[in-house]
Amino acid sequence: MDKNVRPDSMVRITTKELADAFIEKQIAELKAQIGNGKVLLALSGGVDSSVVAALLIRAVGKQLVCVHVNHGLMRKGESEQVIEVFEKQLGANLIYIDATDRFLDKLAGVSDPERKRKIIGAEFIEVFSEEAEKLSGIKFLGQGTIYPDILESDGVKAHHNVGGLPERYNFELVEPVKLLFKDEVRVVGKALGLPDSMVYRQPFPGPGLGVRCLGAITRDRLAALREADAILREEFDKCGLAQKVWQYFIAVPDFKSTGVKDGKRYEGWPAIIRAINTKDAMTASIEEVPYPVLKKITSRILNEVQGINRVLFDLSPKPVATIEWE
Ligand code: XMP
């Protein structure tokens with residue numbers, strides 16, 4: 001039987017009971033596969049890698065080494081949450097690498113979106129490989145591959161491509177959720193006790209805010225984007241839209257317009273709000289965000305975020321527009 005094919009007999013995991021049964025079975029299988037070996041896992045804080053980490057912690061405890069690479073393009077508070085949940089609450093063996101300067105230095109002056117993505121992907125593998133080199137006796141590589149990754153590609157997680165790690169490491173892959181669909185991964189994550197903010201996290205591209213800080217990334221514009229994005233998330237949380245809208249974020253282009261603040265000219269960037277609904281990200285429609293919510297977000301961003309002097313709402317469905325701006 002092909003291990004990468006979901007058997008017809010496999011019941012969709014929709015309840016805590018089914019999730020608990022899955023967890024118990026996986027723990028036994030992980031123990032059998034790993035024995036007393038060591039497992040390395042790139043922990044981004046996304047749902048898939050977080051669930052894999054939590055499963056591995058249950059199965060092999062400190063034999064798991066998690067590496068969280070902060071590429072400086074995370075949303076506000078995300079790296080802190082990874083440390084809080086995995087190191088402090090779950091007692092994981094976690095190596096935290098703040099590689100912000102490395103990534104931002106490499107990206108300085110680069111405006112081509114494809115080159116930006118390539119630089120981020122390559123640098124991620126570089127940083128992760130350096131960590132792997134420092135550790136000894138690692139035999140296994142944990143991966144948050146899920147079933148759509150297998151169906152849609154060659155089985156390698158497209159973002160952060162840890163599967164692109166140099167072959168010389170010869171790691172044996174550990175992929176406990178590879179036959180699960182996203183909704184099932186979330187049910188399992190909840191049963192494992194992960195916080196809702198992690199389990200129900202909206203999709204976030206591997207290159208992170210890098211594809212939303214349009215054109216050549218600068219630290220000041222990236223900081224403005226991160227703050228504006230945090231305000232959008234906070235306000236969507238408060239009014240219940242966070243549970244309803246599939247993906248919502250801010251993009252900040254690399255041009256300024258004239259404004260006025262405290263009686264003086266105030267040149268600033270626009271913050272563009274995008275809030276979309278979709279089933280499969282192939283097409284997307286626009287969420288009709290209530291006007292008072294938009295007004296509140298606009299007022300907060302203009303008052304609280306240094307460097308932003310206009311707030312715009314993107315009304316464009318996919319197609320013709322893509323979900324991300326780059
Ligand atoms: P687009 O912009 O192509 O986005 O309509 C479709 C979905 O894919 C996400 N996306 C990415 N995810 N790495 C990722 O892991 C990427 O480079 C990337 N680019 C886009 C996007 O957020 C949306 O959900």
Side-chain angles (χ1 to χ4, degrees), residues 42-52 68-75 78 82 103 106-107 110-125 127-128 143-165 177-178 181-183 185-186 198 200-215 217 222 225-226 228-229 232-233 236 241-253 272-287 314-326:
L43 181 58
S44 67
V47 190
D48 308 335
S49 65
S50 295
V51 168
V52 169
H68 176 69
V69 178
N70 179 355
H71 50 22
L73 304 165
M74 308 288 284
R75 284 176 294 199
E78 281 183 327
V82 168
F103 279 83
K106 283 243 158 80
L107 287 163
V110 180
S111 56
D112 178 65
E114 283 316 305
R115 265 195 70 213
K116 284 167 71 179
R117 274 193 162 77
K118 284 213 175 84
I119 289 170
I120 296 166
E123 192 60 18
F124 183 85
I125 291 172
V127 174
F128 193 73
Q143 285 224 97
T145 312
I146 65 171
Y147 205 45
D149 299 327
I150 292 177
L151 296 178
E152 285 161 22
S153 71
D154 55 4
V156 172
K157 192 93 182 160
H159 89 280
H160 274 179
N161 254 326
V162 181
L165 265 189
V177 297
K178 72 174 173 188
F181 290 100
K182 196 79 172 192
D183 52 298
V185 178
R186 293 194 209 274
M198 211 165 230
Y200 298 107
R201 228 173 78 142
Q202 53 169 325
F204 186 56
L209 298 180
V211 297
R212 298 174 183 169
C213 190
L214 310 178
I217 298 168
L222 180 62
L225 163 61
R226 183 175 285 120
D229 174 74
L232 176 74
R233 283 192 289 143
F236 267 39
L241 279 173
Q243 282 101 54
K244 184 175 167 235
V245 181
W246 200 83
Q247 199 173 16
Y248 47 95
F249 57 87
I250 300 273
V252 178
I272 301 162
I273 301 173
R274 190 125 175 86
I276 63 95
N277 289 308
T278 177
K279 280 204 158 48
D280 54 11
M282 300 299 285
T283 62
S285 61
I286 302 305
E287 171 70 22
D314 185 348
L315 286 163
S316 331
K318 173 179 182 176
V320 171
T322 48
I323 294 173
E324 301 289 345
W325 272 58
E326 286 194 333

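Start at 1 and go down the list; that is how both ligands and their atoms are numbered. Everything quoted here is computed from the prediction, not taken from an experiment.
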Does any N or O of ligand 1 fall below 3.5 Å from an N or O anywhere on Gly206, backbone included?
yes
For Trp246, the ligand 1 atoms whose distance to one of its heavy atoms is below 4.0 Å
24 (O)
Quick one: does ligand 1 sit under 4.0 Å from the side chain of Pro207, the backbone, both or neither, non-hydrogen atoms only?
side chain
If we set the cut-off at 4.0 Å for heavy atoms, which region of Phe249 has an atom near ligand 1: side chain, backbone, both, or neither?
neither
What donor-acceptor contacts under 3.5 angstrom involve side-chain atoms of residues 279-286, with partners at least two apart or in another chain?
{"from": "Asp280", "atom 1": "OD1", "to": "Met282", "atom 2": "N", "distance (Å)": "2.9"}

Would you tell me which option among Thr278, Val211, Ile323 has the nearest heavy-atom contact to atom 6 (C) of ligand 1?
Ile323
Only heavy atoms count here, so choose which of Arg117, Met282, Gln247, Lys318 is nearest to atom 19 (N) of ligand 1.
Arg117
Hey, what do you get for CG (Asp48) to CD (Gln143), rounding to the nearest 0.5 Å?
11.0 Å
Output all residues satisfying ring pair (Phe, Tyr, Trp, His ring centres under 6.0 Å) with Phe249, sequence neighbours left out; order by chain, then residue number.
none
Side-chain donor or acceptor of Arg274 paired with backbone N/O of Ser316 under 3.5 Å:
yes
Using side chain to side chain contact (heavy atoms under 4.5 Å, CB included), reason through Arg186 and Val47 one step at a time and then give a plain yes or no.
CA-CA 7 Å; Arg186 293 194 209 274; Val47 190; 3.5 Å; yes
